[in-house]
> 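First, the structure itself, so that you have it in front of you.
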Amino acid sequence: MTAPASAPAGLAPRRWILDLTATALLSVTALVGFWPSFAGPSFLPAVIGGVLLGLAIAAVAAWRRWGILIIAGLTVGAYFVFGGALALPQTAILGVIPSLETLRLLALGTVTAWKQMLTTVAPVSAADGHLIVPFLLALVVTTLTASLALRLSQVAWALLPSGVLLMLVIALGTPEPAFPLVQGLVFAVVSMVWLALRQLWAPQNLAVSVSEVDPSRAAHMRTRRLLAGAAVLAIAGGAGAATSAVATPAQPRHVFRDVIIPPFDIRDYPSPLQAFRKNVRDEADETLFTVQGLPKGARIRTAVMDQFDGMVYNVTDGGPTSSSAFTPLRSNMSPDAEGVPVTLRIEIDGYRGVWMPTAGALSEIRFAGDDAEELRRGTYVNTETGTAVATPGLGGGDDYTVDAVMPATPDDEQLAEVAFGSVTMPKSSNVPEELTSLAAETVAGAETPIEQVRALENFLAEGGFFSHGLEGEVLSRAGHTAERISTLVGADQMIGDDEQYAVAMALLAGQIDIPARVVMGYYPDEEQAGEAVFEATGDNVHAWVEVNFDGIGWVTFNPTPPEDQVPNDQNTKPRVDPKPQVLQPPPPPQEPVDLPPTLPDDRESEDESLNLAGIIGLILLIGGISLAVIALLASPFIVIGAWKAARRRSRRAAARASDRISGGWDELTDRAIDYGARIAPGGTRVEEAAVVASALTVPQVTALAERADADVFGPADPTPQDVETFWNEVDEIVGGLGKDAGFWKRIKARLSMRSLLGGTAISSGLQNLKEAATARVRREPGTIEDSTPPPSSERETP
């Protein structure tokens with residue numbers, strides 16, 4: 001025979017302490033994931049404050065056995081009362097008392113804070129109102145978790161909100177994790193200990209056999225269970241730590257920020273290659289910027305272009321390897337880069353533009369000066385190409401430091417047996433048709449990939465002539481359209497500069513499936529090489545070609561002829577072309593190539609559809625979470641409004657016309673009660689009208705009361721027109737009450753429950769309590785049970 005043992009004294013308080021402590025630890029552990037988003041602990045006061053408020057609300061509500069509506073109301077109240085001090089101290093009076101602006105921002109923040117958090121370049125600033133997100137999550141999730149834990153026998157249900165919070169913090173955070181190993185271990189250990197202790201302290205586990213009571217044996221069994229549980233936790237923690245140390249991915253994780261794109265579109269900025277000839281002509285002798293720490297032989301890059309549309313070589317808008325895969329500035333951007341680490345200090349002088357001078361595989365960019373914060377927040381980087389864009393624009397006096405890794409430069413012997421890299425290049429369009437056959441014939445004798453690239457490079461560098469087309473130079477038109485490139489390769493002599501030759505080589509390479517792209521930047525000439533400080537001028541601007549080799553990466557090639565390789569007589573000296581007879585006659589220069597419309601690529605369309613679907617899905621998810629939080633916070637007010645609306649509909653739709661008239665009068669008195677009129681129950685309509693007219697200064701209600709009596713008690717039923725007219729007058733009077741009252745009084749009246757509770761059991765109970773207290777004060781006999789109610793004129797509905 002077994003019997004349930006009585007719970008030990010103090011078991012309930014001990015269980016409450018366990019539940020509240022475990023809830024706090026799980027919430028804080030999950031919310032610590034916002035550390036990289038705020039670049040430090042500035043968000044922790046909001047988190048700790050939200051957790052403590054949530055624990056207090058859950059504990060008091062469980063102690064008083066309050067329902068969900070009261071819990072929701074307390075949560076809303078705590079959010080608005082303490083939100084100023086914990087989330088928006090810069091808007092609060094003395095940093096603590098909420099102001100009207102604080103309340104407005106807190107109300108809007110439940111909807112807009114999520115979007116602002118995701119579309120602001122991390123790390124975000126606490127002073128910009130972003131603390132609303134961690135504070136709101138801490139308050140709501142802690143309240144929910146603690147309430148479930150204190151009220152349910154199965155504590156596993158309480159782990160669900162904490163688990164969702166952990167995932168949500170990761171999704172709303174940055175690609176760089178905060179403390180993944182510590183977070184995982186603490187979350188797992190706390191959860192397992194919580195579940196184990198709750199199971200151990202469950203009432204059914206306190207049952208013992210009456211015939212086999214052995215305190216020493218029971219204590220021994222409990223000790224064994226505790227030691228076994230500790231051993232399991234230790235083994236699990238050690239295994240998890242060891243596994244994480246080995247299996248931690250080198251690449252950053254994907255979060256909402258990766259697909260909910262900030263307001264930045266690389267296509268808003270024209271290709272810098274279009275201004276190449278202007279840089280050469282107008283800035284040849286002007287110092288644009290200086291670079292300290294540039295290794296010998298290294299080059300400064302401003303932009304990488306990988307798609308041609310017949311008019312311009314530009315960046316693209318899709319694919320992780322494209323030049324438009326820009327993301328906000330962050331640290332450790334190239335964790336897998338191999339080479340020599342360098343630190344470059346770049347000071348801007350005469351340079352103007354959004355394309356930032358950089359070099360190598362970018363790891364980190366740090367700004368200095370007055371515009372440092374603005375530039376940091378407005379800078380986007382493509383780690384695949386090493387291109388950086390500062391949307392505020394660089395100007396004189398800007399100063400920044402670049403940490404990068406300079407890759408080794410392989411020679412032809414190292415590339416002799418290396419194949420081209422298997423990278424997906426954006427599809428070019430409107431490429432001159434003659435380039436296909438020209439490329440094939442130029443590489444016909446090449447046997448290896450590097451020989452093919454060298455054949456294309458030499459065909460242009462050795463067979464062409466150099467000219468910027470400036471004053472005193474041979475005529476050379478600017479631009480790199482399809483017509484200009486067709487004219488370059490089809491003329492008797494190839495004449496141009498870096499702009500035309502780099503584009504021509506990249507297009508020729510693309511026709512025979514060689515992954516090539518055009519790079520624009522600056523590098524010192526032979527006289528400047530090796531100097532401690534490189535002063536970049538317009539004379540140092542260049543464009544070149546990079547080709548991708550498997551396992552090596554992007555290798556630089558120079559298809560532009562030397563600057564001293566100029567024609568002596570443009571009309572008589574033939575172009576160096578090994579196979580000129582196979583070329584088709586080029587179109588006349590005055591008749592540009594008719595560019596057909598670009599046909600969409602099916603794969604690109606499919607990728608765009610998938611990306612759009614993903615973005616829409618994530619937006620809907622965030623919107624759903626926001627709506628759920630708002631619904632939880634606003635549920636008490638929604639219930640009150642729905643209750644009043646239902647009573648109004650039932651009164652106006654009563655079966656008898658006289659009842660609809662009575663219902664209209666009741667609707668008027670209910671609204672008057674909500675606005676503060678003290679109408680005693682049981683009075684006539686004329687008496688009620690006198691109270692309303694006196695309290696709210698509405699004299700017309702007296703005539704309306706007499707009309708209601710005449711319609712209800714008259715010899716004939718009122719007509720539908722009479723009912724409609726009566727309700728219109730009621731609505732007009734109620735509307736006037738709202739216009740005469742202030743905003744807060746109007747809101748208070750709409751949320752008031754005085755009219756709803758009038759005549760109910762709750763109202764009667766409160767009235768009896770009031771009458772009993774009055775009787776005691778007057779030392780009159782009477783109790784709650786037998787006291788004689790005062791006259792109706794002295795009663796009022798709370």
Side-chain angles (χ1 to χ4, degrees), residues 121 123 269-270 272-273 275-276 278-304 326 328-334 337 339-383 385-407 498 519-544 556:
V121 179
Y269 307 97
L273 197 58
F276 183 88
K278 178 181 181 298
N279 299 146
V280 173
R281 182 185 68 243
D282 300 339
E283 302 170 348
D285 300 323
E286 180 181 0
T287 299
L288 303 177
F289 58 88
T290 59
V291 183
Q292 300 180 19
L294 186 67
K296 186 176 182 179
R299 302 184 177 194
I300 294 294
R301 174 196 304 107
T302 54
V304 175
F326 287 85
L329 191 66
R330 61 184 189 275
S331 60
N332 193 26
M333 292 181 289
S334 302
V340 180
V342 298
T343 298
L344 308 177
R345 181 180 179 183
I346 301 176
E347 300 181 26
I348 304 298
D349 192 351
Y351 183 84
R352 298 293 183 273
V354 299
W355 305 97
M356 293 182 59
T358 60
L362 301 179
S363 178
E364 188 170 359
I365 299 177
R366 300 183 299 277
F367 291 95
D370 297 337
D371 300 333
E373 184 64 17
E374 181 183 6
L375 288 170
R376 183 188 68 81
R377 293 183 177 276
T379 297
Y380 297 82
V381 177
N382 181 344
T383 56
T385 64
T387 305
V389 177
T391 57
L394 296 175
D398 289 334
D399 183 358
Y400 58 95
T401 301
V402 176
D403 291 338
V405 177
M406 304 301 294
D498 300 55
V519 185
M520 180 175 169
Y522 299 79
Y523 57 82
D525 54 28
E526 295 181 358
E527 297 178 357
Q528 296 174 303
E531 294 184 359
V533 178
F534 167 46
E535 295 185 1
T537 66
D539 194 45
N540 301 123
V541 65
H542 294 282
W544 59 91
T556 299

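None of these values were measured; they are calculated from a predicted model.
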> So, do L294 and I300 sit near enough that their side-chain heavy atoms are less than 4.5 Å apart?
yes
> Report the residues that fulfil side chain to side chain donor-acceptor pair (under 3.5 Å) with D498, sequence neighbours left out, ordered by chain and then residue number.
H542
> Within this structure, what is the CG-CG distance for the pair L288 and D539, rounded to the nearest 0.5 Å?
10.5 Å
> Under the rule for salt bridge (charged side-chain N to carboxylate O under 4.0 Å, His left out), what residues qualify as partners of E374, not counting sequence neighbours?
none
> Got a list of side-chain donor-acceptor pairs under 3.5 Å for residues 346-361, not counting sequence neighbours?
residue, atom, partner, partner atom, Å
E347, OE2, R345, NE, 3.4
Y351, OH, W355, O, 2.5
R352, NH1, D349, O, 2.9
W355, NE1, P270, O, 3.4
T358, OG1, G386, O, 3.0

> Would you please say whether a donor-acceptor pair under 3.5 Å links the side chains of T343 and D403?
yes
> Decide if atom CG of D525 counts as having more than 12 heavy atoms of other residues, nucleotides or ligands within a radius under 6.0 Å.
yes
> Find the distance between CG (L362) and OG1 (T385) and round it off to the nearest 0.5 Å.
8.5 Å
> Which heavy atom in Y523 sits nearest to a heavy atom in F534, and how many Å separate them?
C-CZ, 3.8 Å
> Which atoms form the tightest heavy-atom contact between L375 and G393, and what is the distance?
CD2-O, 4.0 Å
> Test: side-chain hydrogen bond (donor to acceptor under 3.5 Å, both in side chains). Region: residues 289-304. Which pairs qualify, not counting sequence neighbours?
R299-N558
> Could you go through V381 and E364, starting from their C-alpha distance and side-chain angles, then the distance that decides it, and tell me whether this counts as side chain to side chain contact (heavy atoms under 4.5 Å, CB included)?
CA-CA 10 Å; V381 177; E364 188 170 359; over 6 Å; no
> Considering non-hydrogen atoms only, spot the tightest contact between D398 and G395 and give its length.
OD2-N, 2.8 Å
> Please identify each residue that fulfils salt bridge (charged side-chain N to carboxylate O under 4.0 Å, His left out) with D371, with sequence neighbours left out.
none
> Of the non-hydrogen atoms in T387 and A303, which two are nearest, and what is the gap between them?
CG2-CA, 3.8 Å
> List the residues meeting side chain to side chain donor-acceptor pair (under 3.5 Å) with N540, not counting sequence neighbours, and say none if there are none.
Q528, T537
> Not counting sequence neighbours, which residues clear side-chain contact (heavy atoms from CB on, under 4.5 Å) with P341? List them please.
none
> Report yes if some heavy atom in the side chain of F367 is under 4.5 Å from a heavy atom in the side chain of T401; otherwise report no.
no
> Which pairs with one or both residues in residues 283-295 pass salt bridge (charged side-chain N to carboxylate O under 4.0 Å, His left out), sequence neighbours excluded?
none
> Do M333 and S363 have side-chain heavy atoms sitting under 4.5 Å apart?
no
> Do you know the tightest heavy-atom contact between A536 and Y522?
CB-CD2, 4.1 Å
> Of all heavy-atom pairs between L344 and G293, which one has the smallest distance, and what is that distance?
CD2-O, 3.1 Å
